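To start, the structure itself, in structure tokens.
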Number of protein chains: 2
Amino acid sequence: MRASSVEQAILETLSKEHSHLTSLQVFEEIRGRLPAVNQSTVYRALERLVEQGVVSVSDMGTHAAVYELLTDGRHHHLVCQKCRRVMTIGHEDVQSFFNAIQEKNHFQIVTNHLILFGICDNCQENVENSRAEK
Amino acid sequence: MRASSVEQAILETLSKEHSHLTSLQVFEEIRGRLPAVNQSTVYRALERLVEQGVVSVSDMGTHAAVYELLTDGRHHHLVCQKCRRVMTIGHEDVQSFFNAIQEKNHFQIVTNHLILFGICDNCQENVENSRAEK
DNA sequence: ACGTATAATGCAAATCTTTGCATATGCAAA
DNA sequence: TTTGCATATGCAAAGATTTGCATTATACGT
Ligand SMILES: [Zn+2]
Ligand SMILES: [Zn+2]
Ligand SMILES: [Zn+2]
Ligand SMILES: [Zn+2]
């Protein structure tokens, strides 16, 4: 199975933008080159790329899934639920956890772009401050 | 902030069913008691319960978010992408990982129902078998 | 090149979820 | 009780994603 033209266009878009893009953003970006392309085709092509492990798909708390190229080193994210700040963590900080889970459960983890939600340091301070003010 | 009647009904449904339910399943369940309730109201009530940390919401690979009561001990899941099998792991197996991430990044993790995708032991064997057959 | 099988695409409809706005409801102060 | 405010709800529309089906493009063996 060869990479379809839409897959090709998606891959180039993702490597050029080098960030988390929604399906709509990808769609609008590749329209320039493939004017007749349909949104469902983009969804299906993205799905195939995700299945191949070339692209990650994640819910980062915005109300649309985001896609990212996975060629460069694996990474993961911490997303602040207060200010929406996105922090990046390397796979080294996750590796040993994944290994332990895999061994204990005889389960081969495929998840490649972990998203953990919480409160960033700034927002934690703000909570403390607003408490102190009372 | 008062507990709305819809929240109340949702909580009772979730504690009775004691499993991962979609918004639609919750909706249809509470219709018996609140016949005029609207689906968007259910979505909003679920959203509030999630924000309060009483209920978890997760994408488990089915194409609809699932909600679960969090009163009993925290747990997480491994979901097989081949056969859809859902395995449960205790929070003890995740705790130290979360702690390390929190300390290193000064980030307070709120994620309370982690979903890791991968391949279960059965399906790993099947892959090996089909390889051997060739 | 030809015919066939497989995979990709477009299109429209279905499904899932969010959102804006008007109304209704519960709570508390007056 | 009445008033005022904050929150919850219904409704409809918008937005996001999936799916069924017919058509087209591609690969592969002849
Ligand atoms: Zn990323
Ligand atoms: Zn923050
Ligand atoms: Zn669960
Ligand atoms: Zn499996």
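First the proteins, then the strands, lettered A, B, ... as listed; each starts at 1. Bear in mind that the values here come from a model prediction, so they are computed numbers and not experimental data. Any value given below was found using the heavy atoms of this structure, including those in side chains, with hydrogens, waters and symmetry copies removed.
With sequence neighbours left out, the side chain to side chain contact (heavy atoms under 4.5 Å, CB included) criterion links B/Glu68 to B/His20, B/Ser56, B/His75, B/His77, B/His113.
Here the nucleotide nearest the side chain of A/Val37, chosen from C/dG10, D/dA8, C/dT19, is C/dG10. Across C/dT9, D/dT9, D/dA16, the shortest atom-to-atom separation from the side chain of A/Ser5 is found for C/dT9. With C/dT17, D/dG10, D/dT18 as the choices, the nucleotide that has an atom nearest any side-chain atom of B/Ala36 turns out to be D/dG10. Among D/dA8, C/dG10, D/dG10, the nucleotide with an atom closest to any side-chain atom of B/Arg48 is D/dA8. The side chain of B/Val6 has D/dT9 as its nearest neighbour among D/dT18, D/dC11, D/dT9. Among D/dG10, C/dG10, C/dC16, the nucleotide with an atom closest to any side-chain atom of B/Asn38 is D/dG10.
Nucleic acid contact for A/Ala45: none, since no nucleic acid atom lies under 4.0 Å from a heavy atom of the residue.
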For this session: Show your reasoning for whether side chain to side chain contact (heavy atoms under 4.5 Å, CB included) applies to A/Tyr67 and A/Leu21.
Result: CA-CA 5 Å; A/Tyr67 299 83; A/Leu21 295 187; 5.5 Å; no

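Phosphate contact (OP1/OP2 of C/dT18, side-chain N/O of A/His63, threshold under 4.0 Å): present. The side chain of A/Thr41 places an N or O atom within less than 4.0 Å of a non-bridging phosphate oxygen (OP1 or OP2) of C/dG10.
With rounding to whole Å, B/Tyr43 atom OH is found 13 Å from D/dG15 atom C1'. Atom CZ of B/Arg44 and atom P of D/dG10 are 9 Å apart (whole Å). Rounded to a whole Å, the CD1 atom of A/Ile30 is 13 Å from the C1' atom of C/dA8. For the pair A/Leu21 CG and D/dT17 P, the interatomic distance rounds to 13 Å; values are reported in whole Å. Rounded to whole angstrom, the span from the CD atom of A/Glu47 across to the P atom of C/dA8 amounts to 11 Å. Taking atom CG of B/Leu24 as the reference point, atom C1' of C/dT18 lies 16 Å away to the nearest angstrom. Taking atom CG on B/Leu34 and atom C1' on C/dA24, their separation rounds to 15 Å, with Å as the unit. Atoms CD (A/Glu51) and P (D/dT18) sit 13 Å apart, rounded to a whole Å.
For B/Thr22 (side chain) and B/Gln25 (main-chain N/O), a donor-acceptor pair under 3.5 Å exists by modelled atom type.
Residue B/Thr22 places no side-chain atom within donor-acceptor reach of the base of C/dC16, judged by atom type and a 3.5 Å distance cut-off alone. No donor-acceptor contact under 3.5 Å links the side chain of B/Ser23 to the base of C/dC16.
The neighbour count for A/Glu28 CD, taken as heavy atoms of other residues, nucleotides or ligands under 6.0 Å away, is above 12.
Checking C/dA30 for Watson-Crick or G-U wobble geometry (two distances, each under 3.5 Å) identifies D/dT1 as its partner.
Pairs of residues two or more places apart, or lying in two chains, that qualify as salt bridge (Lys or Arg N to Asp or Glu O under 4.0 Å) and include a residue from residues 95-113 of chain B are A/Asp93-B/Lys104.
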